[in-house]
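The structure appears below as C-alpha cells.
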Amino acid sequence: MSGIFGYIGKSDCKDILLDGISALHNRGCETTGIALKTENNIVAIKTKGNAESLKQGQNTNIDGTMGLAQTDIALRCFAANITAKPAANGKAAVCMDGDIKGFETLCRSYAAKFSAVTDEDLVVAILTSIESNDGTQLLNSLLTAIPELPTTAFFINSENAIFCHRGDMPLLIGIGNGEHYISSQMNALSGKANKYIVLSEGDSAKITTDKVVIFDSKGKRVRRSMYGIPPYDYDEYCYLPAEDIGYSPFVINDSLSHIMHKCKFDFDYLRLTKRYLDKLNEIYVIGEGDSLAVALCAGHNIAAFTDIPVVPMSSQELLCSGKYIDRRSLIICVSHRGEDRITLSAIKKCADEKARIIAITDDPYSQIARLSDDIICPQCKFSNDSISLRSFFADYIVLCSLGIYIGKKCGIVSDTYYSVAIKMMELLPGKIMSAVNTVPNLLSKAFNNKESIIVTGFQQDYPLALESSRVLQALANIPVIAAETSVLDCNFTVFLQNRCTVIAIVTTNYQLNSALHCLLRARALDAKIIIYTTGSLQQEFADFETVITFNDSLLPLNPLPCIAGLYATATELMQKNKNMPTTEITAQPA
C-alpha cells in the first residue's frame with residue numbers, strides 16, 4: 001500500500017504536496033518523494049524516510065504549479081533515496097499504489113534500453129519507449145501494455161495535465177477553486193478541496209487546471225457523482241502518546257454515547273432480526289494490520305454470546321482459505337481507516353457470493369465503507385494515527401456491544417446479563433484509569449537492559465499480545481516478539497536462547513495451568529517475567545515477582561484495562577528513552 005497525492009493549479013505546489021503527503025503517512029513512510037513540473041523540466045526530490053525528513057532535507061527553491069507525491073513501504077528493493085518514488089526522467093513522472101503482475105517479464109521486455117528497480121520505474125520506461133507526446137494516447141498505450149494496471153498517476157513534460165487510472169486501490173479527485181487534487185485518502189483533501197469525486201475501479205481521468213474528464217474501463221466518457229468534503233479534519237485530534245492514554249476513558253464514553261440510546265444498544269438499523277440470524281450458517285469477524293487484534297480478540301468473545309458459529313480470522317486467511325461463503329454468511333470486518341487492501345479484497349470476494357457485510361471503520365468515506373452493506377462508525381472525529389490507542393478502544397467496545405446485541409436477538413443473552421453489561425461498560429473508564437495508575441515504578445527496572453522482549457497470551461489473549469508488541473515496538477523502540485503461549489512452550493530453545501523479558505497476558509482462567517507451566521519453565525531459564533492479569537487471578541501468580549493487576553470487569557471487557565496498562569508501560573519506556581540520539585536523514589534531488 002502506498003499514498004499518492006497530486007496537485008495542478010496556479011499556486012506553487014511544493015508545500016501543498018508536502019502537506020498532502022504528510023496526511024498519508026499511515027500508508028507507509030519508508031520512502032517519500034515529490035516530482036514537480038517546472039517551465040522546461042521535471043524535477044524529483046526524494047528521501048528515505050517520511051515527509052518530515054523530506055522537508056528537512058530539501059533546500060531547493062524549485063517552483064512548479066503541477067506535481068505528484070508518494071509515500072510507501074519499499075517492497076521490491078531496499079529503502080533508499082534512489083529507490084524512493086515518484087519515479088521520474090525528462091519525459092514523465094509516475095506514482096503508483098499497488099504491484100504490477102508479471103513485473104519480471106515486463107522488465108525483460110524493456111531491459112534493452114531502460115533499467116527498472118521498482119514498479120514506477122517500469123511505467124516510466126514504458127512511457128518513455130512510446131513515441132508520443134500526447135498524454136491520453138500514452139495512458140491508453142500503458143493500459144494495453146499492463147492490462148491489470150494498479151492505481152497510477154503520471155504527468156509528462158509536454159502537457160499541463162495529470163493523468164490517472166484507478167486500479168485495486170482507491171483514488172479520489174479533489175475539486176478546488178481553479179485547482180484540482182488527487183489523493184489516496186479523504187483526510188489529505190480536507191482543508192484544500194471543496195468537493196471530491198471517487199473514481200470507480202477501472203476508471204481513468206485527465207485532470208487539468210479547469211477540467212476533469214473521466215473515462216470508464218471501456219474508454220467511454222462518463223460522469224461520476226460529486227460530494228462535499230466532510231466538515232472536519234481527520235488530523236484535528238493528534239495527541240502525544242502520553243495524552244493518548246489519558247484520553248481513553250473519553251473514547252469509551254463517546255463510543256457508547258454513539259451506539260446507545262435510552263440504555264439500549266442502538267443497532268436496529270442493521271436489520272439483524274431473529275429470523276435473519278436463525279438462517280445464518282456462520283459469522284466471520286475479520287481484520288488485518290492494526291485492526292487484526294480487535295477482530296480476533298472481540299471475535300472470540302462474540303462466540304460466547306450466540307449459538308451461531310463465529311470464526312474470527314485475518315482477512316488474508318479468509319481470502320485464501322477457500323471457505324464456503326454465501327448469502328447465509330455474515331461478514332463483520334474491522335478496519336480503522338477503511339482502506340486496507342487485503343480486507344478490501346476479502347469483502348469484494350464475499351460480496352460476489354452475496355454475503356452480508358458490516359464494516360466497523362473510523363472513516364465513513366472509505367472504500368471499505370462504500371462496499372459494505374452497513375457501517376458502524378464509532379469515532380470518526382478521532383485521529384487516524386497508526387499508533388493510536390483510541391481506535392483499538394472504540395472499535396473493540398463497538399464490536400463487543402454488537403456481539404451482546406446479537407446474543408440478545410438470538411435469545412442467548414438474558415435481560416439481566418444485558419443490563420449488567422451496559423452497567424459495566426459505563427464503569428469501564430474508571431477501571432481503565434485505575435489500570436494505568438497501577439503501573440509501578442519498579443516496572444522500569446525490568447527493562448534496564450537491551451534484551452529482547454516476548455509478549456505472550458493463550459488463545460483469546462494472544463491477540464492482546466499482538467497489539468501490545470506493536471505498541472511497545474512503536475513507542476518504546478525496543479525489539480519485541482509476540483508468541484502464542486503454547487507455541488512459546490514448545491519452542492523455548494528458539495525463543496529463549498538468550499536471557500530476555502517475558503510479558504504474559506492472562507485475562508481469563510481458561511487453560512490457566514498451561515500458562516503457569518509455560519511461565520515457570522521460562523523463569524527456570526532465567527527469563528524475567530512480568531504478568532498482567534485481573535485481581536481475581538492475582539493469587540494464582542503469587543510466586544512471581546512482578547504481577548500487575550487491574551480490577552475485574554465483565555469477561556469480554558477485561559482486555560481493555562489490560563491493554564491500557566501495557567500502553568502505559570510503553571509510554572513510560574518511551575519517556576525513559578526519549579533522550580536517546582537519533583540518526584537524521586537528509587534528502588537529495590533524484
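Between Lys323 and Met313, some side-chain heavy-atom pair lies under the 4.5 Å cut-off. Using a 4.5 Å heavy-atom threshold, the side chains of Lys192 and Phe5 count as touching. Between Pro150 and Asp119, the closest side-chain pair of non-hydrogen atoms is not below 4.5 Å. Inter-residue side-chain proximity for Leu18 and Asp15 is flagged as met; some heavy-atom pair is nearer than 4.5 Å. Here the side chains of Arg224 and Ser200 are in contact, with some heavy-atom distance below 4.5 Å. At least one side-chain heavy atom of Tyr418 sits under 4.5 Å from a side-chain heavy atom of Ile404. The shortest distance between side-chain heavy atoms of Glu484 and Phe458 falls below 4.5 Å.
Counting all heavy atoms, side chain and backbone alike, Cys400 lies closest to Phe305 at O-CE1, 4.2 Å. Heavy atoms only, all atoms of each residue included: Ser184 and Asp97 are closest at OG-OD2, 4.2 Å. Across all their heavy atoms, Thr343 and Gly287 have their closest contact at OG1-C, 4.2 Å. Scanning both residues, Pro378 and His258, for their nearest heavy atoms gives CA-CD2, 4.1 Å. Across Cys333 and Ser372, no two heavy atoms sit closer than the pair SG-OG, 4.5 Å. Contact between Glu201 and Asp168 at its shortest, heavy atoms only, is OE2-OD1, 3.1 Å.
Distance CG/Leu566 to CZ/Phe550: 9.0 Å, rounded to 0.5 Å. Atom-to-atom distance recorded for Phe265:CZ and Lys408:NZ is 11.0 Å, nearest 0.5 angstrom. Atom OG of residue Ser190 and atom OH of residue Tyr196 lie 11.5 Å apart, to the nearest 0.5 angstrom. Taking CD1 of Ile347 as the start and CG of Asp340 as the end, the distance is 10.0 Å to the nearest 0.5 Å. Here the straight-line distance linking atom CD1 of Ile331 with atom OH of Tyr284 works out to 7.0 Å at 0.5 Å rounding. To the nearest 0.5 Å, atom CG of residue Leu270 and atom CZ of residue Arg356 are 6.5 Å apart.
With Ile21 as the partner, the side chain to side chain contact (heavy atoms under 4.5 Å, CB included) test is satisfied by one option alone out of Thr32, Leu68, Ile4, Ile16: Thr32. Exactly one of Asn558, Thr507, Thr534 qualifies for a side chain to side chain contact (heavy atoms under 4.5 Å, CB included) with Ser553. That residue is Asn558. None of Pro312, Ser391, Ser291, Ser315 except one satisfies the side chain to side chain contact (heavy atoms under 4.5 Å, CB included) rule with Val334; the exception is Ser291.
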Take Leu171 and Ile173 through the test side chain to side chain contact (heavy atoms under 4.5 Å, CB included) and record every step on the way to the result.
CA-CA 7 Å; Leu171 192 64; Ile173 300 175; 5.7 Å; no

When you look at Ile481 and Ser469, which way does the side chain to side chain contact (heavy atoms under 4.5 Å, CB included) test go after all the steps?
CA-CA 6 Å; Ile481 299 172; Ser469 65; over 6 Å; no

With side chain to side chain contact (heavy atoms under 4.5 Å, CB included) as the test, would you mind laying out the steps for Ile505 and Tyr462 before giving the verdict?
CA-CA 8 Å; Ile505 302 172; Tyr462 174 60; over 6 Å; no

Given Ile332 and Leu399, is the side chain to side chain contact (heavy atoms under 4.5 Å, CB included) satisfied, shown in steps?
CA-CA 9 Å; Ile332 302 175; Leu399 194 48; 3.8 Å; yes

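Between the side chain of Ser255 and the backbone N or O of Ile252 there is no donor-acceptor pair closer than 3.5 Å. Ser183 contributes no side-chain N or O that, together with a main-chain N or O of Leu172, makes up a donor-acceptor pair within less than 3.5 Å. A donor-acceptor pair under 3.5 Å is formed between the side chain of Ser314 and the backbone N or O of Glu317. Within the 3.5 Å criterion, the main-chain N or O of Tyr269 finds a donor-acceptor partner in the side chain of Arg271. Under a 3.5 Å cut-off, the side chain of Thr151 and the backbone N or O of Gly167 do form a donor-acceptor pair. At distances below 3.5 Å, at least one donor-acceptor pair connects side-chain atoms of Asp373 with backbone N or O atoms of Ile357. Formation of a donor-acceptor pair under 3.5 Å by the Gln185 side chain with backbone atoms of Leu24 is not found in this model. A donor-acceptor pair under 3.5 Å is absent between the side-chain atoms of Thr306 and the main chain of Ala303, judged by distance alone. Of the possible donor and acceptor atoms, none in the side chain of Glu467 sits under 3.5 Å from a partner among the backbone N and O of Val294.
Within 6.0 Å of atom CZ in Arg370, more than 12 heavy atoms from other residues, nucleotides or ligands are found, so the atom counts as buried in its surroundings.
Ring geometry for Tyr396 versus Phe392: interplanar angle under 30°, hence parallel rather than tilted (30 to 60°).
The closest side-chain donor-acceptor pair between Thr485 and Thr456 falls under 3.5 angstrom. Side-chain contact of Ser329 with Asn281: a donor-acceptor pair under 3.5 Å is absent, judged by distance alone.
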Side-chain atoms of residues 422-433: list all donor-acceptor pairs with protein atoms under 3.5 Å, sequence neighbours left out, distances to 0.1 Å.
from	atom 1	to	atom 2	distance (Å)
Lys431	NZ	Asp552	O	3.1

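With sequence neighbours excluded, no residue satisfies ring pair (Phe, Tyr, Trp, His ring centres under 6.0 Å) with Tyr276. Asp268 is linked by a side-chain hydrogen bond (donor to acceptor under 3.5 Å, both in side chains) to Tyr405, counting only residues two or more places apart in sequence or in another chain.
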